[in-house]
Amino acid sequence: MAPKLDGFFSQVDSMSEHFISRLRAAVAIPSVSSEAERRPEVVRMGQFLVTELKALGADVEARPLGKQPGKEHLELPPVIVARYGNDKKKRTILVYGHYDVQPAGKEDGWATEPFELTVDDKGRMFGRGSTDDKGPVLGWLNAIEAHQKIGLDFPVNLLMCFEGMEEYGSEGLDDFIKEEADKYFKDVDAICISDNYWLGTEKPCLTYGLRGCSYYSVEISGPGQDLHSGVFGGTAQEPMTDLVRMLATLVDTNGKIQIPGIADLVAPLTEEEKSIYRDIAFTMDSFHESLGSQTTIFPDKESTLMGRWRYPSLSIHGIEGAFSQPGAKTVIPAKVIGKFSIRTVPNMEPRDVDKLVFKFLDDEFKKLGSKNTLKASLQHDGKWWVASPNHWNFSAAGKAVERVWGVKPDLTREGGSIPVTLTFEQATGKNVLLLPMGSSTDAAHSINEKLDKKNYIEGVKLLGAYLHYVAEEEMVDA
Ligand SMILES: C[C@H](N)C(=O)N[C@@H](Cc1c[nH]cn1)C(=O)O
Ligand SMILES: [Zn+2]
Ligand SMILES: [Zn+2]
């Protein structure tokens, strides 16, 4: 193993500028899945992957997913599936990632153009999608290419599944995975997803859990059109006033969800579970660094980790229809839509959460005594996932981390959500591992998202090494 991997690692180092150019080309495509007008760019990003994968000799297909539910004028971007290698003597590993990104605009406060990869003198590569998830997706392609360049046999059959709607709740993908479980994915031995982050900046981790996400809209309407506040203020009931009062009832300053019944759905904390948080390499200092301030709810590491991994949280994201530009417009919006989401954890069942949320919103709206109209709806959801890390898939990844980074990885859970993780696990019956490439300071979803050059290049080595160790692991699940 040692000489093989040494050669592969040197090859990756010598191709680093080429790999960065590939990421630059990908970041330049603004594949924002939540903005209808950017849908052609999402499709173009999928096409970019098709072209790159074909050039590497993979069998590639762009599978259509049909129309977007609720927005039937919009075609969903295709899921890109590819196979590299079809040798019955080798293991087959399925890797998943997403080629869509969160919205980004320079006016949000970015220091650089979000869709131009900009590398600074510390080796930080800024750009939307650099860490979430274009860098990790291209990591798999880079690993293939480095093997080809050095003439090293690829250790496994690699199946790839890259979607273009992850940041919008993975619309359409669940059905696709279920449908293909005994077709395209039938010979899969294990699954690996690189789409989350280290807990800090120094120590890599392997991740065995995710929170779920239930995303809601609450619409309040009344007047027939936007109004002049001088003419109608004090005479008409205002949707925005009702909405902010409603949103304010959902959660308190310390993150405590105010919806009755939610806390009862959460699995109780056991003594055994409590002990795992102590040994995780995580400091409040590094957390403050990635937060960019000291405004944390809890003063200590254990409560902070629990708040992020094993308890639900409710976040208010924004208000559609509200005045948000600079200046002082004196408008009364006629219809406003508040957006909030709940990150869910074991044992919260999404339908139970929905019932509690809708009842609470109805009750609170009644208390306002407003003549306006309330419409609450679930925009999308994905369930939480917690798996066993006692599996050869995790052992192989652990060895790869030790080989590339020289440390034993921490076993972590993730506060974010990757809705299809559970679907992959249930539909294929195979173990799923999350193997992150980026670090806690990468600012995914935020302004100035970045991926460190070191994490990207060592990350390519990590993904390649993981596949080599997978090929050597005994197929024992515990
Ligand atoms: C962890 C992953 N990279 C990610 O960012 N996932 C998103 C998925 C999502 C859920 N609802 C909408 N998008 C997230 O956790 O927000
Ligand atoms: Zn994301
Ligand atoms: Zn992601």
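Counting starts at 1 for both ligands and their atoms, following the listed order. Quick caveat, the model's predicted, so the values are computed rather than measured. Reckoned from all heavy atoms, side chains included, excluding hydrogens, waters and symmetry mates.
Classification of D452 and R124 as a salt-bridged pair fails, no side-chain N sitting under 4.0 Å from a carboxylate O. Between K359 and D362 there is no salt bridge, since no side-chain nitrogen of the basic residue lies less than 4.0 Å from a carboxylate oxygen of the acidic one. Ion pairing of E180 with K183 is absent here, as no side-chain N (NZ or NE/NH1/NH2) approaches a carboxylate O to less than 4.0 Å.
Nearest to atom 8 (C) of ligand 1 by heavy atom, out of S170, S417, C213, G438, is S417. Counting heavy atoms only, H380 comes closest to atom 12 (C) of ligand 1 of the residues H380, M165, H445.
Nearest protein heavy-atom contact of atom 3 (N) of ligand 1 is D195 OD1, 2.8 Å. Ranking protein heavy atoms by distance to atom 9 (C) of ligand 1, first place goes to E166 O, 3.9 Å.
Counting only N and O atoms by type, the side chains of R343 and S417 include a donor and acceptor under 3.5 Å apart. Side chain to side chain, S33 and E167 fail the donor-acceptor criterion of an N or O pair below 3.5 Å. A donor atom on one side chain and an acceptor atom on the other are not found under 3.5 Å apart for S214 and D381.
Within H98, NE2 is the N, O or S atom that lies nearest to the Zn ion (ligand 3). Considering just the N/O/S atoms of D195, the one nearest the Zn ion (ligand 3) carries the name OD1. Here the N, O or S atom of D132 that is nearest to the Zn ion (ligand 2) is OD2.
Atoms of ligand 1 lying under 4.0 Å from any heavy atom of G416, numbered from 1 in the order shown and given with element: 15 (O). Against a heavy-atom cut-off of under 4.0 Å, Y197 is close to the following atoms of ligand 1: 3 (N).
Annotation: angle subtended at the Zn ion (ligand 2) by E167 OE1 and H445 NE2 is 80°, to 10°.
For the side chain to side chain donor-acceptor pair (under 3.5 Å) with S31, the lone residue among R38, K134, E41 that qualifies is K134.
Looking at D132 next to ligand 1, an N or O pair under 3.5 Å apart turns up. On a distance-only criterion, R343 and ligand 1 share at least one N/O pair closer than 3.5 Å.
Within the structure, the closest approach of A444 to ligand 1 does not fall below 4.0 Å when heavy atoms are considered. Ligand 1 lies nowhere less than 4.0 angstrom from a heavy atom belonging to D133.
Aromatic ring centroids of F358 and Y216 lie under 6.0 Å apart. With ring centers used as reference points, Y96 lies under 6.0 Å from F424.
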